[in-house]
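Every chain is numbered from 1 and lettered A, B, ... according to where its sequence line falls, protein lines coming before strand lines.
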Number of protein chains: 2
Amino acid sequence: MSDLKAYIRKRKKSDVEFREGFEEAYKAFKIGVLLKEAREASGLTQEKMAEKLHTRKSAISRIENHAEDIRLSTLEKFASALGRSLEISIR
Amino acid sequence: MSDLKAYIRKRKKSDVEFREGFEEAYKAFKIGVLLKEAREASGLTQEKMAEKLHTRKSAISRIENHAEDIRLSTLEKFASALGRSLEISIR
DNA sequence: AACGATGTTCACGTATACGTTAACATAGTT
DNA sequence: AACTATGTTAACGTATACGTGAACATCGTT
């Protein structure tokens, strides 16, 4: 019986971890898509974008695919390179 | 608003550096103030905020005063600790 | 099939954000 | 004045984002 409780506890814990991990990954996904859409809306390839930011296309790919862990300054540069501006608020 | 005056007074140590770095510094200032106001709106001191984020008050101070170069994940944690959410858009 | 354009992933070195401690500043209180 | 609460700054070690080059995967085109 205590085995069952332990199992349930463990199961719930893993569910929480899964959900938290999922939400974090989803946020990264959202921001990455935001950046990708902004770039494509300007008709730029990752390579052209890389030139504007004085870096390489691999870096652009990484930014768009791991956007949760980029710096705000990087996000700012990305937007500026597209002639656009960031809007950040806390709701 | 006296915060802004103190900030500018501080930045005026060198007018040249002040002008050159103003835009970037001002963005950091804006985000820092955003975070600080969000924290104070929840009635938290930097020390209480530090407890929620499992870190120290000095880290909170640094976040609020050098906010341009923090990671998105850090910004996310800050908002989550206040039970709030980030809104990021590119305009 | 071969090719070019575009995007992804990996590995490695460098730059820098973050965690922590300590010292210091500045209010307000006793 | 001494004390308390709050916030700032500097220094140091660690974690990780970033710059870079190379290899690879998918496309559509010839």
Side-chain angles (χ1 to χ4, degrees), chain A residues 20-21 24-25 27-82 86 88, chain B residues 1-14 17-18 21 24-82 86 88:
Chain A
E20 288 175 348
E24 193 173 329
K27 284 170 191 164
F29 175 74
K30 274 195 308 184
I31 297 171
V33 169
L34 193 72
L35 294 176
K36 181 174 184 173
E37 287 178 351
R39 172 177 60 80
E40 291 176 340
S42 294
L44 295 174
T45 64
Q46 287 185 348
E47 193 150 28
K48 291 295 181 187
M49 190 67 186
E51 288 175 14
K52 282 183 174 287
L53 289 172
H54 305 100
T55 181
R56 312 293 171 177
K57 61 178 182 174
S58 59
I60 305 301
S61 176
R62 185 171 52 196
I63 286 172
E64 292 180 357
N65 289 290
H66 302 88
E68 176 70 7
D69 282 336
I70 64 177
R71 296 176 196 150
L72 276 185
S73 57
T74 303
L75 189 54
E76 187 73 46
K77 288 173 192 168
F78 199 102
S80 295
L82 297 176
L86 276 183
I88 299 178
Chain B
M1 200 38 102
S2 58
D3 282 342
L4 179 58
K5 288 183 180 177
Y7 176 80
I8 290 179
R9 207 182 312 124
K10 201 169 167 186
R11 286 285 167 176
K12 274 192 173 174
K13 285 178 187 169
S14 161
E17 289 177 3
F18 175 78
E24 194 175 332
Y26 183 64
K27 286 170 192 166
F29 176 75
K30 274 197 306 185
I31 298 171
V33 167
L34 193 70
L35 294 176
K36 181 174 183 175
E37 287 178 350
R39 172 177 60 79
E40 291 177 340
S42 294
L44 295 175
T45 64
Q46 288 186 346
E47 194 150 29
K48 291 296 181 188
M49 189 68 185
E51 288 175 15
K52 281 181 174 289
L53 290 173
H54 305 101
T55 181
R56 312 293 171 177
K57 61 179 182 173
S58 60
I60 305 301
S61 177
R62 186 172 49 196
I63 286 173
E64 291 179 359
N65 288 290
H66 301 88
E68 176 69 7
D69 282 335
I70 64 177
R71 295 176 197 150
L72 275 186
S73 57
T74 302
L75 189 53
E76 187 73 46
K77 290 174 192 168
F78 199 102
S80 294
L82 296 176
L86 275 183
I88 299 179

Would the base of D/dG7 count as contacting B/Arg62 through its side chain, where contact means a donor and an acceptor less than 3.5 Å apart? no

Whole-Å distance between C/dG4 C1' and A/Gln46 CD? 17 Å

Roughly, in whole Å, what's the span from NE2 in A/His54 to P in D/dC18? 17 Å

Whole-Å gap separating C1' (C/dT6) and CD (A/Glu40): 11 Å

Which atoms form the tightest heavy-atom contact between A/Leu86 and A/Ala79, and what is the distance? CG-CB, 4.2 Å

Considering heavy-atom distances to DNA chain C, does A/Arg71 or A/Ala59 have its closest nucleotide positioned more toward the 5' end? A/Ala59

Residue from A/Lys36, A/Glu40, A/Glu64 passing side-chain contact (heavy atoms from CB on, under 4.5 Å) with A/Gln46: A/Glu64

What is the distance, to the nearest angstrom, from the CD atom on A/Glu47 to the C1' atom on C/dT8? 13 Å

Whole-Å gap separating P (D/dA15) and CG (B/Asp69): 21 Å

Does any N or O in the side chain of B/Arg39 come within less than 3.5 Å of the main-chain N or O of B/Leu44, such that one atom is a donor and the other an acceptor? yes

At under 4.0 Å between heavy atoms, what does B/Ser61 touch on the DNA or RNA strands: base, sugar-phosphate, or nothing? base

Here the distance between atom P of C/dA17 and atom CG of A/Leu75, to the nearest Å, is 15 Å

Between C/dC18 atom P and A/Leu72 atom CG, what is the distance in whole Å? 9 Å

Might you point out which heavy atoms bring B/Leu82 and B/Ser42 nearest each other, and give the distance in Å? CD2-OG, 3.6 Å

Check every atom of D/dT20, C/dT20, D/dT8 against the side chain of B/Thr55 and return the nucleotide holding the closest atom. C/dT20

Distance below 4.0 Å between B/Asn65 side-chain N/O and D/dG7 OP1 or OP2: no

Can you name the nearest heavy-atom pair linking B/Leu72 to A/Ala67, along with the distance? CD1-O, 3.3 Å

Tell whether A/Ser58 reaches the base of D/dG21 with its side chain through a donor-acceptor pair below 3.5 angstrom. yes

Short side-chain N/O contact to C/dG7 OP1/OP2 from A/Arg39, under 4.0 Å: yes

In whole angstrom, what separates A/Lys57's NZ from D/dA25's C1'? 11 Å

